[in-house]
Number of protein chains: 2
Amino acid sequence: MESRREKKKKETRQAIMQAAMTLFSEKGFDQTSIEELAKAAGIGKGTIYGYFETKTDILHAFCEDELECLHKELTTYADREIPILQQMVKIYMTEFKQITENREFGRLFMQQTTFPRDADLKRHLEHENNYFKLLFPLLEKAQERGELRKDLDLLYITGHFYGLYLLLVSAWFSGRIQTEEAEYALEAVFSQAMEGLQPRL
Amino acid sequence: MESRREKKKKETRQAIMQAAMTLFSEKGFDQTSIEELAKAAGIGKGTIYGYFETKTDILHAFCEDELECLHKELTTYADREIPILQQMVKIYMTEFKQITENREFGRLFMQQTTFPRDADLKRHLEHENNYFKLLFPLLEKAQERGELRKDLDLLYITGHFYGLYLLLVSAWFSGRIQTEEAEYALEAVFSQAMEGLQPRL
DNA sequence: AAAAATTATCGACCGTAGTCAGATTTTTTT
DNA sequence: AAAAAAATCTGACTACGGTCGATAATTTTT
């Protein structure tokens with residue numbers, strides 16, 4: 001049952017998110033003050049803190065919404081018959097696109113999810129676990145198809161890909177890699193991971 | 001020639017760094033205000049901004065000093081005859097130790113170096129290039145010894161190791177890996193990188 | 001439906017990062 | 001060595017993120 005109170009809460013939360021999306025996109029995150037945001041959402045400054053703990057929390061919520069959406073899509077569309085390399089590239093490139101589409105958002109999001117504050121740990125781990133739930137079945141299938149070694153821990157395999165993805169994003173923020181080169185670079189480094197660094201006998 | 005002015009500048013900068021080291025260690029980064037810091041260094045608040053652009057800049061300078069020191073040490077000691085895997089583990093574990101010894105410092109440092117603000121790019125790239133200068137010769141020697149594929153770009157190899165290092169640090173901040181497990185985990189994932197993810201024929 | 005209890009809203013208030021115009025010190029010119 | 005120029009220092013000031021006690025809206029109890 002939906003009490004009057006609960007309905008209003010949802011509306012207010014939505015109003016904040018909406019205002020945030022608009023203002024952050026228009027003026028950037030740092031240039032948007034909480035007070036402005038509150039005004040745009042038609043509420044008082046303090047009220048925001050009943051919905052979000054910090055300013056970055058708002059950004060976070062936004063990013064997570066987007067990514068969750070993305071993941072759902074991927075699960076549906078993920079074609080389990082194409083090579084695992086392609087699948088991984090597709091998945092991470094989708095995320096990459098999301099990150100790079102708004103530089104500011106992306107940077108903050110990556111900073112906070114890759115090296116999270118202790119206070120954010122719980123939420124962070126939850127999010128990561130969802131990720132694993134998405135990836136593990138794909139990797140398992142690949143193992144069965146003989147594309148991946150079976151003696152490796154799935155967590156380590158995911159980690160391997162994820163680490164290389166981090167590298168890509170880092171390189172992009174450093175300007176070492178342009179947006180257009182990204183897919184090629186990711187594919188290169190992923191297949192390098194598949195084949196290994198030491199020479200084949 | 002050292003004018004009176006230049007000498008004083010150096011002294012002041014040193015005084016700020018000294019005060020920062022003490023206060024940050026005692027009370028933590030966030031709990032130390034710029035005003036306190038200035039007082040401890042025996043100067044006015046505004047003066048600090050003649051030496052550092054932001055508060056985090058001070059932290060940065062400190063971390064970079066430490067790391068630079070570390071790298072110098074490593075170059076000297078780096079034993080080029082032990083397997084490249086061990087060398088990489090040793091190098092990254094030294095850095096890891098530095099990062100983890102002070103959680104707060106480490107987090108900020110990693111956040112800012114991995115996903116740098118555009119304003120910090122120049123300094124960041126410089127620092128990274130020094131890194132490459134340290135690693136490339138080691139990798140080249142390993143290639144010659146037949147431990148590493150010769151058809152791979154050195155940058156991609158370094159990147160591969162670095163990406164996996166990022167993963168380790170990220171996992172540590174997330175609490176997925178304890179400090180004591182770190183070396184084992186890094187070795188595991190590095191040798192996984194050496195051998196590759198796909199089954200040997 | 002009135003009273004009591006609970007929950008949400010608000011904006012004045014606090015502490016701090018960073019700015020800036022004017023004072024001070026050092027260097028250069030005459 | 002006096003005057004002019006340049007570099008440096010400074011603390012009052014601004015703007016912002018976040019808090020909190022008072023107030024209003026909603027739900028529950030009587």
Side-chain angles (χ1 to χ4, degrees), chain A residues 1-20 23-24 26-62 104-105 107-109 111-112 117-120, chain B residues 1-20 23-24 26-62 104-105 107-109 111-112 117-120:
Chain A
M1 207 214 58
E2 184 111 336
S3 75
R4 175 162 182 183
R5 203 162 230 165
E6 278 162 352
K7 196 177 152 197
K8 206 179 165 197
K9 276 217 110 174
K10 266 187 196 159
E11 280 170 11
T12 306
R13 190 174 202 282
Q14 204 48 48
I16 297 172
M17 292 284 271
Q18 182 59 54
L23 287 176
F24 289 173
E26 260 173 33
K27 329 177 38 183
F29 179 73
D30 285 329
Q31 281 63 50
T32 305
S33 77
I34 291 277
E35 215 147 4
E36 273 180 297
L37 189 53
K39 202 170 226 171
I43 55 175
K45 181 181 178 180
T47 306
I48 288 189
Y49 290 89
Y51 294 83
F52 301 94
E53 286 190 7
T54 65
K55 191 183 177 187
T56 42
D57 250 30
I58 303 170
L59 194 63
H60 241 87
F62 175 66
E104 286 301 309
F105 278 28
R107 180 170 17 241
L108 271 158
F109 182 72
Q111 284 181 349
Q112 311 245 340
R117 287 177 304 160
D118 296 346
D120 297 334
Chain B
M1 206 211 59
E2 185 112 336
S3 75
R4 175 162 182 183
R5 203 162 229 166
E6 278 162 352
K7 196 175 152 197
K8 205 180 164 196
K9 276 215 108 174
K10 265 187 195 159
E11 280 171 9
T12 306
R13 191 174 200 282
Q14 203 47 50
I16 296 172
M17 291 285 271
Q18 181 59 54
L23 287 176
F24 289 172
E26 260 174 31
K27 328 178 38 182
F29 178 73
D30 285 329
Q31 281 65 52
T32 305
S33 77
I34 292 277
E35 213 145 7
E36 275 181 294
L37 190 53
K39 200 169 227 170
I43 55 176
K45 182 180 176 178
T47 307
I48 289 189
Y49 289 90
Y51 293 84
F52 300 94
E53 286 191 8
T54 65
K55 191 182 176 187
T56 43
D57 250 32
I58 303 170
L59 194 63
H60 240 87
F62 175 67
E104 286 302 307
F105 277 30
R107 181 170 16 239
L108 271 159
F109 183 73
Q111 283 182 350
Q112 311 245 341
R117 287 176 303 161
D118 296 346
D120 297 334

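Computation of the quantities below employed the complete heavy-atom set of this structure, encompassing side-chain atoms and omitting hydrogens, waters and symmetry-equivalent molecules. Residue numbers begin at 1 in each chain, while the letters A, B, ... track the order of the sequences.
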Can you tell me the distance, in whole Å, between the [atom1] atom of [X] and the [atom2] atom of [N]?
| X | N | atom1 | atom2 | result |
| --- | --- | --- | --- | --- |
| B:I58 | C:dA17 | CD1 | P | 9 Å |
| A:I16 | C:dA8 | CD1 | P | 13 Å |
| B:I48 | D:dT10 | CD1 | C1' | 12 Å |
| A:F29 | D:dG17 | CZ | C1' | 10 Å |
| B:E36 | C:dG15 | CD | P | 13 Å |
| B:K10 | D:dT8 | NZ | C1' | 17 Å |
| A:F52 | C:dA8 | CZ | P | 15 Å |
| B:Y49 | C:dA21 | OH | C1' | 18 Å |

Under 4.0 angstrom, heavy atoms only, what part of the nucleic acid is A:T56 near: base, sugar-phosphate, or nothing?
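No contact at all - A:T56 keeps every heavy atom at 4.0 Å or more from the nucleic acid.
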
Would you indicate what A:G46 reaches in the nucleic acid, counting non-hydrogen atoms under 4.0 angstrom: base, sugar-phosphate, or nothing?
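The residue A:G46 makes base contact.
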
Mind listing the closest non-hydrogen atom pair of B:Q31 and B:E36 along with its distance?
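Shortest heavy-atom contact: O-OE1, 3.5 Å.
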
Looking at every non-hydrogen atom in both residues, tell me the closest pair between A:I58 and A:A20 and how far apart they are.
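Distance-wise, the nearest heavy atoms are CG2-CB, 3.7 Å.
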
Considering only heavy atoms and no angle criterion, is a donor-acceptor pair shorter than 3.5 Å present between the side chain of [X] and the base of [N]?
| X | N | result |
| --- | --- | --- |
| A:R5 | D:dT27 | no |
| A:K55 | D:dG18 | no |
| B:K45 | C:dA17 | yes |

Heavy-atom count check: over 12 atoms from other residues, nucleotides or ligands less than 6.0 Å from A:K39 NZ?
no

Check this one for me: any side-chain N or O of [X] less than 4.0 Å away from OP1 or OP2 of [N]?
| X | N | result |
| --- | --- | --- |
| B:T47 | D:dT10 | yes |
| B:S33 | C:dT16 | no |
| A:Y51 | C:dA8 | no |

From the list [options], which nucleotide is the closest neighbour of the side chain of [X]?
| X | options | answer |
| --- | --- | --- |
| B:I34 | D:dG18, C:dC10, C:dA17 | C:dA17 |
| B:I43 | D:dT8, D:dG17, D:dT10 | D:dT10 |
| B:T54 | D:dG18, D:dC9, C:dG18 | C:dG18 |

Hey, does A:R13 have a side-chain heavy atom less than 4.5 Å from the side chain of A:K9?
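Heavy-atom side-chain distance check fails, nothing below 4.5 Å.
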
May I ask you to test the B:D57-B:Y51 pair for a side-chain heavy-atom distance under 4.5 Å?
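SC-SC contact between B:D57 and B:Y51 ruled out.
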
